[in-house]
Amino acid sequence: MTKQTYLTGITTTGTPHLGNYVGAIRPAIASSKVAENDGYFFLADYHALINSHDPASVRQSRLEIAATWIAMGLDTDKSTFYRQSDIPEIPELTWMLTCMTAKGLMNRAHAYKGVMQENIDAGSSDPDKGISMGLFNYPILMSADILMFKATKVPVGKDQVQHLEMCRDIAQRFNHHYGDLLVIPEVVVDENMSLITGLDGRKMSKSYNNTIPLFGTSKQLRKMIMKIKTNSLEPGEPKDPEGNTVFDIYSAFASEEQKAILREDYAAGIGWGDAKQKLFELLDEQLSEPREKYNALMAKPDEVESVLQAGAAKARVHSKKLIRELREAVGLSNL
Ligand code: TRP
């Protein structure tokens with residue numbers, strides 16, 4: 001097997017939820033355990049500034065998301081775990097890439113076009129209302145994240161696939177002009193990413209406000225699970241597990257055997273309250289140990305900080321080297 005470099009980031013807005021874990025954190029931790037792989041995992045806190053202009057919540061979310069990765073068992077010695085904003089070479093590379101990116105390519109980015117469409121649908125006279133240059137340039141910053149560490153595999157959700165295509169385009173153009181300095185990454189789409197549904201049956205996402213936080217107390221977790229929207233079938237009536245949110249979330253955490261049992265319970269007409277209770281018990285069992293670690297870390301931000309500082313030092317060995325080569329290539333080296 002050839003060595004692969006896995007890289008992925010999570011934007012630090014909001015509180016980590018089950019979808020973040022199943023979609024991004026869990027597969028990343030699994031990939032990092034494969035001995036011959038390299039793993040780069042980071043807090044995309046520059047990306048956070050695009051969506052959030054509230055310093056206190058950006059700060060809080062960074063701590064929560066960092067503590068989550070560590071509590072869930074990321075081996076921070078084997079992989080490189082860092083904060084985007086601790087790597088000054090990333091904005092520097094972003095600029096070099098910006099100058100090699102056609103504006104027309106960015107015009108096609110879904111993230112920004114989505115907001116533009118909302119403005120048009122809402123009858124606004126300004127289609128660019130609320131769109132910052134940060135949002136417009138989002139895919140270039142993301143490309144710099146990826147290219148900086150020569151990632152070969154980038155696990156992301158379906159909504160990020162276009163950004164990966166843009167990253168490849170930009171890197172190819174750079175290489176074509178300046179020589180083969182950047183590694184062209186491949187996207188890895190984890191099917192689970194789109195599978196986990198939220199309280200209302202849509203994809204679990206902070207933008208839909210339908211998430212279940214990973215590390216609430218046991219009591220809060222149960223309360224959230226009881227809020228999951230179900231249909232009006234009564235206990236005793238057979239129920240279809242397909243497309244059912246309770247079953248869906250259960251599946252993301254259960255063994256094949258446990259899934260088969262719940263499937264039978266559905267056929268036998270389990271009541272929604274009982275199905276939710278089963279989901280709660282499964283999650284609570286799996287989350288109770290990491291929850292304790294998480295709470296301990298949240299109480300000691302200094303410890304989290306030092307893990308991140310160590311990660312940044314490790315990461316910068318690579319980023320400084322690449323930036324030196326790139327500066328040379330584009331004509332910005334010392335005279
Ligand atoms: N855009 C990603 C998201 O919101 C986060 C992200 C930023 C990222 N930079 C990245 C993911 C680089 C993978 C690689 O989900």
Side-chain angles (χ1 to χ4, degrees), residues 4-29 31-32 37-52 58 61-62 65-66 68-69 74 79-87 89-91 93-94 97-98 106 109-115 132 134-171 182-190 192-194 196 203-208 211 311 315 318-319 322:
Q4 299 293 348
T5 301
Y6 280 81
L7 177 144
T8 200
I10 297 185
T11 303
T12 53
T13 45
T15 292
H17 55 78
L18 298 182
N20 295 139
Y21 175 58
V22 172
I25 300 174
R26 191 172 64 185
I29 292 178
S31 77
S32 76
N37 287 346
D38 269 350
Y40 287 85
F41 307 112
F42 68 97
L43 309 173
D45 54 352
Y46 279 137
H47 277 101
L49 299 186
I50 297 172
N51 312 317
S52 171
V58 170
S61 175
R62 293 196 316 170
I65 295 179
T68 299
W69 280 94
L74 178 70
S79 30
T80 306
F81 179 58
Y82 57 100
R83 212 165 17 198
Q84 188 184 30
S85 67
D86 283 335
I87 317 292
E89 293 76 20
I90 289 176
L93 176 55
T94 302
L97 299 176
T98 301
M106 290 303 101
H110 297 316
Y112 131 83
K113 269 173 59 181
V115 181
S132 68
L135 180 62
F136 189 69
N137 287 341
Y138 179 116
I140 311 180
L141 176 58
M142 182 161 162
S143 300
D145 292 332
I146 296 167
L147 299 170
M148 181 54 81
F149 298 106
K150 305 188 176 168
T152 57
K153 302 272 181 195
V154 183
V156 286
K158 275 192 197 142
D159 57 328
Q160 300 289 319
V161 170
Q162 190 200 33
H163 295 148
L164 259 290
E165 283 162 8
M166 291 177 159
C167 173
R168 290 166 59 94
D169 267 14
I170 296 168
L182 302 175
V183 173
I184 312 297
E186 272 172 38
V187 63
V188 182
V189 185
D190 192 311
N192 284 333
M193 288 219 168
S194 51
I196 188 153
K203 175 189 163 181
M204 189 179 288
S205 160
K206 46 201 165 201
S207 31
Y208 293 147
T211 62
H318 302 281
S319 59
L322 183 68

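Numbers for residues simply follow the sequence, beginning at 1. Both ligands and their constituent atoms are indexed starting at 1 by order of listing.
- In this structure, atom 1 (N) of ligand 1 lies nearest to the protein heavy atom Tyr138 OH, 2.5 Å.
- Heavy atoms of Val156 found under 4.0 angstrom from ligand 1 belong exclusively to the side chain.
- Ranking the protein heavy atoms by distance from atom 6 (C) of ligand 1 puts Gly9 O, 3.8 Å first.
- Remark: minimum distance from atom 9 (N) of ligand 1 to any protein heavy atom is reached at Asp145 OD2, 2.7 Å.
- Taking each heavy atom of Asp45 and Arg62 in turn, the nearest pair found is OD2-NH1, 2.7 Å.
- Set against the non-hydrogen atoms of Val154, the atoms of ligand 1 under 4.0 Å away are 13 (C), 14 (C).
- Put simply, the side chain of Leu43 reaches to within 4.5 Å of the side chain of Trp69, judged on heavy atoms.
- Note that CD1 of Ile140 is 12.0 Å distant from CG of Asp145, once rounded to the nearest 0.5 Å.
- Proximity of Asp159 to ligand 1, defined as any heavy-atom pair under 4.0 Å, is not found for any part of the residue.
- At a heavy-atom distance under 4.0 Å, no atom of Tyr6 approaches ligand 1.
- Note on ring orientation: taking the six-membered ring where Trp is involved, the planes of Tyr112 and Phe136 are perpendicular (angle over 60°, cut-offs 30° and 60°).
- Less than 6.0 angstrom separates the ring centroid of Tyr82 from the ring centroid of Phe149.
- The part of Gln160 lying near ligand 1 is the side chain, judged by heavy-atom distances below 4.0 Å.
- Which parts of ligand 1 touch Thr11 is read off a 4.0 Å heavy-atom cut-off, strictly below it: atoms 3 (C), 4 (O), 5 (C).
- Residues Asp159 and Lys203 meet the side-chain proximity criterion, which asks for heavy atoms closer than 4.5 Å.
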